[in-house]
Amino acid sequence: MAKNLEKTYDPKQFEKRIYKGWEEKGCFKAYRDPDKTPYTIVMPPPNITGQLHMGHALDHTIQDVLIRWKRMSGFSTLWLPGSDHASIATEVKVVNKLKDEGIDKDDIGREEFLKHAWAWKDEYGGRITQQCRELGDSCDWDRERFTMDEQCSKAVKTFFINLYKKGLIYKGNRLINWCPDCGSVLSDIEVEHEDEQGSYWYFRYPGADGGEGIEIATSRPETIFGDEAVAVHPSDERYKDIVGKKVIIPLLNKEIPVIADEYPDPEKGSGAVKITPAHDMNDFEVGLRHDLPTPSCINPDGTMNELAGKYAGMDRYECRKAFVKDLEEAGYLVKVEQLTIPTGRCYRCGTAVEPMLSDQWFVKMKPLADPAIDIVKDGTIQFVPERFSKTYMHWMENIRDWCISRQLWWGHRIPAYYCEECGEMVVDFDQPESCPKCGGTHFHQDEDVLDTWFSSALWTFSTLGWPDMTEDLKYFHPTDVLVTGYDIIFFWVARMIFTAIDAMDEEAFKYVYVHGLVRDAQGRKMSKSLGNGIDPLDVIDQYGADALRFMLITGISPGNDMRFQYERVEAARNFANKLWNASRFVIMNLQDENGEMLPLADLEGAALKDEDKWMIARVNEATKNVTRDMDRFELGMGGQKVHDVIWNEYCDWYIELVKSRLYGEDEEDKKVARAVLVSVLKDLLRLLHPYMPFITEEIWQFLPGTEGTFLIAEPWPVYDEGKTYEEESAVIEKAMEVIKAIRNIRAEAEASPGRKLTAVIQAEGAAAETIEAGQTYVKNLANITDIKITASDDDVPAEVMSAVITEAEVHVPLDELVDFEAELERLTKEKKKLEGEVKRAKGMLSNEKFVSKAPAEKVQEEKDKLANYEDMLAKVIDRLAIVESKLK
RNA sequence: GGGCGCAUAGCUCAGCUGGGAGAGCACCUGCCUUACAAGCAGGGGGUCAUAGGUUCGAGUCCUAUAGCGUCCACCA
């Protein structure tokens, strides 16, 4: 029984099996091989709350292509996987789950809550890494890390303490972004700014002296309870006299001063701004300049506090409504204007962020940013594509201090301890024995945890053992390339860069490969709320992981978004199918009817035919180009080239060219043909493997000489300058030209491909020789029984259909009915086309500037082309005359 | 208000350092030819956003314009 691939390509039959085989045999494992060069990629850790989505699929495909290519190229590769504890996201999930069970987070307390959170992590945290396996991720699962595992936590604490000791982490009372829904502070980049429809309310604040007072405009009336002044621009003539006087906040009867400050824009609103230092960033600054108090009127949960008097306890928006109504009834509302106002929203839950005054921990960024700017500026770290370095620079150069504390429980707790006796704060790895100030022995730890991004910022080195100088850390760090979407350059990439400089005194990675977003077929962002997300696992189920991967990677150019289209997945699947069938054909021809393997020639010194050399040259060329594309991170281009050489050259031509030999009688030559078929196929599989790992590995296992090997561990092909085979390739390419010409004639004359024909080819000199050398191919592939190659017109029968090709003319005598009308039409078209070409070439050559300034070889090239076209044109005109006479 | 990106065939997009416009899908014609109809052989279809400029030569480089997208920014 012959052993061969299944008749139809069905990736489900083998993808899981292949992956298991790799994993069990340790194919993904990284080793510290002193004789090899390390190549390291750390996987952006997906959130444990997450499911695998198209973004991951793209991100991981890129990384896997790179790591597989480098592995095959002889590097000691490490692709390190892991996951992120996702502080806020996870806490929200766990809180909701508990709520469903009727449990309130605050009732059970911190310890108990964390038990639930860890249980949740144990249950769902592995889900996404399991899904990665279906994609084919060849990462070293033995080194899988988690941002809250023991080692990473140690790194986080150490890094925090180091920065604190350097004075780069401080605790401060500042105006921060507060999410009332999450109940936590957010960093600046966690706030999304949007313009929204809103109102300006104009209110009159009467003068304390009984005067007219002043009219202010505000979009946030509920903050009036925190007003401490009204500001006007010093140059504003309208308010010149009132500056320094007091006005009364209506209904509250609180007196506040009118102050002059550069901040108000006289053009905007009434030109007078109420100042609420505790609930607005700008007002806060004004308050500082004028030494104003900073009372808060809003609680952390978004309700009003006692400052709001009778509105206390109301939600801030409810209060707004009620307060405006009361003010209106009391006659203080002057007018309302509709316009768009900028609003900040929490990037997690979408709640409107409230600026609040609060004690929080910050990282002082300027000293960390400076070297992080230099390391990109001097090219130690390069962005691909380059333009993203501008985005990075701009952000780094204007960076503000990073708020790192969060009022949550799930995360790394801040290692700061407060003495119960005197309140002294100690920042240390463990709780201190006694207070350095008063000797007290009772402490409580800071309640806050760190921003999730604080731990992922350490990812390149915390995962390798830092702060311990482990062998892994020494060998694999710095990492080589970081692959990620442009949406997290600020959140993550930028921060990894400065942490590595601080902790390791070196670059975190050499390249940042930035990819775009996978959008839906209409170009919209895939999102849960739109319900337009496409589950990669569904696609894999339907088309296979190889098809998905190939579609994702060939559809992109670095940094640009892509659209997800099923038609393209299908096209990729069809390509896999094509390769599958071609391989099945090859394997079939390697064995006799009993399934016994037939002998193969040793290719060293074998008598290669022209088509063998041509094919070998084609693969060789592809090897060169694909490798170069990979080197430049042009992964999509590389994939396209492998696709083209497999389909357009190996399948379309080489297999067809070689068939007659396989079915022929020359046993020695059969051995050669088989050997080349296999050898070339193997090289093609190697080139394709990073892109389509499953199908290539599956086919590999069926080929002779692969026993006990894995394609994943095979060497990457190397370009061989000695294998360009130009002469032999010319024969094949000329034969192809002739074959196409004959097929064309056949099609025009509507003669079936099965009909036997003869051909007369007019050519001279070298061209005649080349055609002569390739005539067997023509006979086989164009179904021609006899070919006559001649220079003379006399040998051409009177009734023929012809096609003019480079340096030759192909004639097919047709005894059967011939459509001379069609022939006339075809030749007329041909003539027109050639005339155009002649005109173009003549035009260029008659341009003196071109002839004198363009490189000599370019000029010569044009001259040759012109001669050739003129020659072809003359022949076409001759044929036309003959056909025309036939028609009379 | 700044930064960046996009515009190429009906659709989705490639075209890297300037040298005769490409792919997939869709469409039309003919083929179930012994690996493959998830296929084979052909075909139609583009003033490469507009206007200038550099150059012997521009889809490619420069400038400007309006359009779309996106990020950043404390405008009540």
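Letters A, B, ... are given to chains in the order of the sequence lines, protein chains preceding strands, and every chain is numbered from 1.
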### Task
Would you please say whether a donor-acceptor pair under 3.5 Å links the side chains of Asn589(A) and Tyr663(A)?
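Result is no, nothing qualifies.
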#### Entry: Pair Glu570(A)-Asn574(A), side-chain donor/acceptor within less than 3.5 Å
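Absent: no donor and acceptor within the cut-off.
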Please report, rounded to the nearest Å, how far the [atom2] atom of [N] is from the [atom1] atom of [X].
| X | N | atom1 | atom2 | result |
| --- | --- | --- | --- | --- |
| Arg519(A) | U12(B) | CZ | P | 14 Å |
| Glu397(A) | G2(B) | CD | P | 19 Å |
| Glu570(A) | A23(B) | CD | P | 20 Å |
| Asp283(A) | C75(B) | CG | P | 12 Å |
| Tyr663(A) | U34(B) | OH | C1' | 6 Å |
| His394(A) | U70(B) | NE2 | C1' | 15 Å |

Can you figure out which of [options] approaches the side chain of [X] most closely?
| X | options | answer |
| --- | --- | --- |
| Ala571(A) | G19(B), A35(B), G24(B) | G24(B) |
| Cys651(A) | U12(B), G19(B), A35(B) | A35(B) |
| Lys390(A) | C56(B), C4(B), G19(B) | C4(B) |
| Arg387(A) | G19(B), G5(B), G15(B) | G5(B) |
| Pro342(A) | C71(B), C4(B), C75(B) | C75(B) |
| Phe585(A) | C56(B), A35(B), C13(B) | A35(B) |
| Lys659(A) | C4(B), A35(B), C72(B) | A35(B) |

### Message
Parallel, tilted or perpendicular, judged at 30° and 60°: which one describes the rings of Phe550(A) and Phe575(A)?
### Response
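It falls in the tilted class, 30° to 60°.
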### Task
Find the runs of at least 3 consecutive base pairs, i with j, i+1 with j-1 and so on, that include RNA chain B, using Watson-Crick or G-U wobble geometry with both distances under 3.5 Å.
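Only these stems qualify: B:1-6 with B:67-72, B:10-13 with B:22-25, B:27-31 with B:39-43, B:49-53 with B:61-65.
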Quick one: side chain to side chain contact (heavy atoms under 4.5 Å, CB included) partners of [X], sequence neighbours excluded?
| X | answer |
| --- | --- |
| Glu737(A) | Lys734(A), Ile805(A), Thr806(A) |
| Glu267(A) | Asp265(A) |
| Lys740(A) | Trp653(A) |

Can you check the distance between [N] and [M], where both ends of the measurement are the [atom1] atom (answer in whole Å)?
| N | M | atom1 | value |
| --- | --- | --- | --- |
| C56(B) | G1(B) | C1' | 44 Å |
| C6(B) | G15(B) | C1' | 15 Å |
| A49(B) | U60(B) | P | 8 Å |
| U70(B) | A21(B) | P | 34 Å |
| G3(B) | A38(B) | C1' | 46 Å |
| C27(B) | G46(B) | C1' | 16 Å |
| C32(B) | C40(B) | C1' | 10 Å |
| A7(B) | U17(B) | P | 14 Å |

Would you mind checking if [Y] and [X] are paired as a salt bridge, meaning a charged N to carboxylate O distance below 4.0 Å?
| X | Y | answer |
| --- | --- | --- |
| Arg345(A) | Glu196(A) | yes |
| Glu621(A) | Lys641(A) | no |
| Asp280(A) | Arg220(A) | no |

For [N], does OP1 or OP2 lie under 4.0 Å from any side-chain N or O of [X]?
| X | N | value |
| --- | --- | --- |
| Arg563(A) | U12(B) | yes |
| Asn560(A) | A14(B) | yes |
| Thr391(A) | C4(B) | no |

Please write out the pairs of protein N or O atoms and N or O atoms of nucleotides 37-42 of chain B separated by less than 3.5 Å, giving the distance to one decimal.
{"unit_1": "A38(B)", "atom_1": "O4'", "unit_2": "Asn574(A)", "atom_2": "OD1", "d": "3.1"}
{"unit_1": "A38(B)", "atom_1": "O2'", "unit_2": "Asn577(A)", "atom_2": "ND2", "d": "2.7"}
{"unit_1": "A38(B)", "atom_1": "N3", "unit_2": "Arg573(A)", "atom_2": "NE", "d": "2.8"}
{"unit_1": "G39(B)", "atom_1": "OP1", "unit_2": "Asn574(A)", "atom_2": "ND2", "d": "3.1"}
{"unit_1": "G39(B)", "atom_1": "O3'", "unit_2": "Lys578(A)", "atom_2": "NZ", "d": "3.1"}
{"unit_1": "C40(B)", "atom_1": "OP1", "unit_2": "Lys578(A)", "atom_2": "NZ", "d": "2.9"}
{"unit_1": "C40(B)", "atom_1": "OP1", "unit_2": "Trp647(A)", "atom_2": "NE1", "d": "2.6"}

### Stepwise side-chain hydrogen bond (donor to acceptor under 3.5 Å, both in side chains) check, Tyr347(A) with Glu190(A)
CA-CA 5 Å; Tyr347(A) 85 131; Glu190(A) 286 170 313; 3.2 Å; yes
### Message
Assess the residue pair Lys335(A) and Glu215(A) against the criterion (salt bridge (Lys or Arg N to Asp or Glu O under 4.0 Å)); give the C-alpha distance rounded to whole Å, side-chain angles, the decisive distance to 0.1 Å, and a yes or no.
### Response
CA-CA 10 Å; Lys335(A) 61 173 173 174; Glu215(A) 190 180 311; 5.4 Å; no
Restricting both atoms to N or O, compile the protein contacts to nucleotides 16-18 of chain B shorter than 3.5 Å, with distance only.
{"unit_1": "C16(B)", "atom_1": "O2", "unit_2": "Arg632(A)", "atom_2": "NH1", "d": "2.1"}

### Flag side-chain contact, heavy atom, 4.5 Å: Arg519(A) against Met526(A)
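A side-chain contact is absent here, since even the closest heavy-atom pair is not under 4.5 Å.
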### Message
I want to check a possible cation-pi pair here: Lys659(A) against Phe585(A), using under 6.0 Å from ring centre and within 45° of the ring axis as the test.
### Response
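Yes, a cation-pi geometry holds between Lys659(A) and Phe585(A).
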